[in-house]
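Take a look at the structure below.
Below, chain A is the first sequence line, B the second, and so on; all start at residue 1.
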Protein chains: 2
Amino acid sequence: MSCESETRKRFSALSDTDRAHWLDAAEAEFCVHGFEKASFNRILVAAKESKGRTYHYFSGKDEMFRATLERRAALAGAIDETAALNAGDEAGFWTEVARICESLTAAFLADAAFADLIRILHREAAARRSFAVPLNALERRTGALVRAGQSLGAVRDDLPLGLLVTVTLDLAVSIDRWFADNTDKVPEAEAAVLSSRAFGLLAAPLLPHSEFPV
Amino acid sequence: MSCESETRKRFSALSDTDRAHWLDAAEAEFCVHGFEKASFNRILVAAKESKGRTYHYFSGKDEMFRATLERRAALAGAIDETAALNAGDEAGFWTEVARICESLTAAFLADAAFADLIRILHREAAARRSFAVPLNALERRTGALVRAGQSLGAVRDDLPLGLLVTVTLDLAVSIDRWFADNTDKVPEAEAAVLSSRAFGLLAAPLLPHSEFPV
DNA sequence: CATCGGTTTAGACTGCCGGTCTAAATCTGT
DNA sequence: ACAGATTTAGACCGGCAGTCTAAACCGATG
């Protein structure tokens with residue numbers, strides 16, 4: 001008796017094209033409707049698959065969303081924070097963090113569907129639940145990064161680590177969402193400089209001595 | 001032909017106790033289940049009202065959520081930012097902003113149901129839609145505050161106003177949520193100082209010259 | 001008091017949802 | 001060829017938000 005989900009194993013045993021059969025339909029549905037409002041029924045109709053067969057390979061909507069995102073997430077595995085973790089001084093640390101932000105924005109711009117799914121993931125609690133494991137990993141990695149910064153004196157340590165991590169990740173999402181919602185209002189020429197300046201905002205709450213300047 | 005919703009007028013013509021009949025049930029349901037997963041049917045059963053009568057006073061789930069929140073929101077009308085808007089210098093501005101944060105945290109601590117509803121409002125897009133008008137007002141007021149800060153040199157103005165507003169509001173929500181989720185992990189003695197220090201984070205991204213310190 | 005028009009009310013009903021279940025079809029090993 | 005397990009189709013379930021019909025109620029007018 002494996003305690004790992006049967007459906008997941010069965011699904012990953014399928015060929016790439018078979019998997020794509022569902023995942024393409026699912027991705028289209030999720031990108032348009034988000035997680036909660038996406039219809040599992042519509043997905044399987046679009047994929048021309050029966051309910052029985054579909055539930056044979058997916059335990060439910062959660063797992064289908066997870067699989068959909070996971071296919072795209074291979075891309076994001078490219079993120080590599082070791083340089084930042086091993087930075088020798090404050091300036092080097094922030095340079096590497098900036099580099100990570102740049103490669104993330106690049107990944108989002110290069111793959112709109114991936115960016116959409118990630119945004120859904122953050123916005124909808126139900127979606128977040130279905131991707132809990134990778135999200136926890138992300139928090140752990142961010143936590144390690146923050147601690148590395150703290151040991152260099154680059155990051156404040158007068159607040160709980162968890163709070164700093166949460167705030168940083170939420171801030172990143174907030175900035176990303178603003179640009180996603182306002183592409184039209186940002187002149188293309190300024191977009192790059194604005195966006196890098198904006199991601200500089202990520203550092204602000206982490207710097208030592210950033211209290212209300214009273 | 002009024003273009004204002006009939007149901008809303010009918011509902012507001014009811015007595016306080018009649019309104020409470022639905023709103024108490026609705027508040028309980030929404031606080032437990034959030035917006036999407038709350039069941040309109042369960043609410044009307046709990047309120048011992050028929051479907052016909054309920055739909056006579058509410059156009060749907062959206063409006064019921066709006067009404068539920070609005071009843072509590074009377075409390076929040078107390079927030080008054082004129083002092084900050086009229087501050088004479090940078091220090092005065094930030095002092096007043098800090099005061100606003102304090103009175104907000106106090107309001108949240110004093111009224112758990114209100115805090116829950118506000119958190120739902122921010123988390124679920126569907127809920128946000130039903131409360132769009134007051135939310136836009138909040139954004140406008142925050143925008144005015146940011147501009148006031150800019151005119152005093154207290155706030156950077158090298159980024160779009162809308163971005164600064166979004167980031168600030170999201171950051172506030174993020175901090176609030178962390179404390180709501182981690183009350184148990186924060187020693188009571190430190191809670192107050194931590195929380196005020198944390199809300200100091202709000203100012204950080206707004207300060208001039210807060211780029212990546214490369 | 002009777003009756004008539006509009007308003008209010010109860011609750012049956014619709015279409016869709018995510019998910020379960022049964023029974024047939026299809027594989028696999030002998 | 002056939003038995004047993006796996007895979008598949010799609011009917012079915014309870015619950016959802018929201019609609020609709022027909023009865024009950026109510027106030028004005030004869």
Legend entry - Residues which pass ring pair (Phe, Tyr, Trp, His ring centres under 6.0 Å) with Phe131(A), listed by chain and number, not counting sequence neighbours: none

Inset, instruction - Name the residue closer to the 5' end of DNA chain C, choosing between Lys37(A) and Gly52(A) according to the nucleotide with the nearest heavy atom. - result: Lys37(A)

Inset, instruction - Carefully, step by step, assess Cys31(B) and Leu117(B) under the rule side chain to side chain contact (heavy atoms under 4.5 Å, CB included). - result: CA-CA 6 Å; Cys31(B) 285; Leu117(B) 292 171; 4.2 Å; yes

Inset, instruction - Would you indicate, yes or no, if dG10(D) has its OP1 or OP2 atom less than 4.0 angstrom from a side-chain nitrogen or oxygen of Tyr55(A)? - result: no

Legend entry - Geometric class of the Tyr55(A)/Phe40(A) ring pair [parallel <30°, tilted 30-60°, perpendicular >60°]: tilted

Inset, instruction - Using atom CD1 of Ile43(A) as one end and atom C1' of dC16(C) as the other, report the distance to the nearest whole Å. - result: 15 Å

Inset, instruction - Would you mind reading off the distance between Leu44(A) atom CG and dC16(C) atom C1', rounded to a whole angstrom? - result: 13 Å

Legend entry - Between C1' of dT7(C) and CZ of Arg53(B), the distance in whole Å: 13 Å

Inset, instruction - Calculate the interatomic distance between Glu49(B) atom CD and dT9(C) atom C1'; express it in whole Å. - result: 10 Å

Legend entry - Under 3.5 Å donor-acceptor, Arg123(B) side chain and Ala125(A) backbone: no

Legend entry - Euclidean distance, atom NE2 of residue His56(A) to atom C1' of dC27(C) [Å, nearest integer]: 12 Å

Inset, instruction - Using a heavy-atom cut-off of under 4.0 Å over every strand shown, decide if Phe58(A) touches base, sugar-phosphate, or nothing. - result: nothing

Legend entry - Any residue meeting ring pair (Phe, Tyr, Trp, His ring centres under 6.0 Å) with Phe93(B), in chain and number order, not counting sequence neighbours: none

Inset, instruction - Measure from the side-chain heavy atoms of Ser50(B) and tell me the nearest of dT7(D), dT20(C), dT9(C). - result: dT9(C)

Inset, instruction - Please state how far atom CD in Glu6(B) lies from atom C1' in dT7(C), giving the value in whole angstrom units. - result: 12 Å

Legend entry - Donor-acceptor side-chain pairing of His56(A) and Arg10(A) below 3.5 angstrom: yes

Using atom names, set out every protein N or O paired with an N or O of nucleotides 12-16 of chain D below 3.5 Å, distance rounded to 0.1 Å.
from    : atom 1 : to       : atom 2 : distance (Å)
dC16(D) : OP1    : Ser39(B) : OG     : 3.2
dC16(D) : OP1    : Arg42(B) : NH1    : 3.2

Inset, instruction - Report the distance from atom CD of Glu29(A) to atom C1' of dG18(C), rounded to the nearest whole Å. - result: 13 Å

Inset, instruction - Rounded off to whole Å, could you give me the CG-to-P distance for the Asp18(A) and dT7(D) pair? - result: 13 Å

Legend entry - Check: Arg156(B) and Gln150(B) side chains under 4.5 Å, non-hydrogen atoms: no

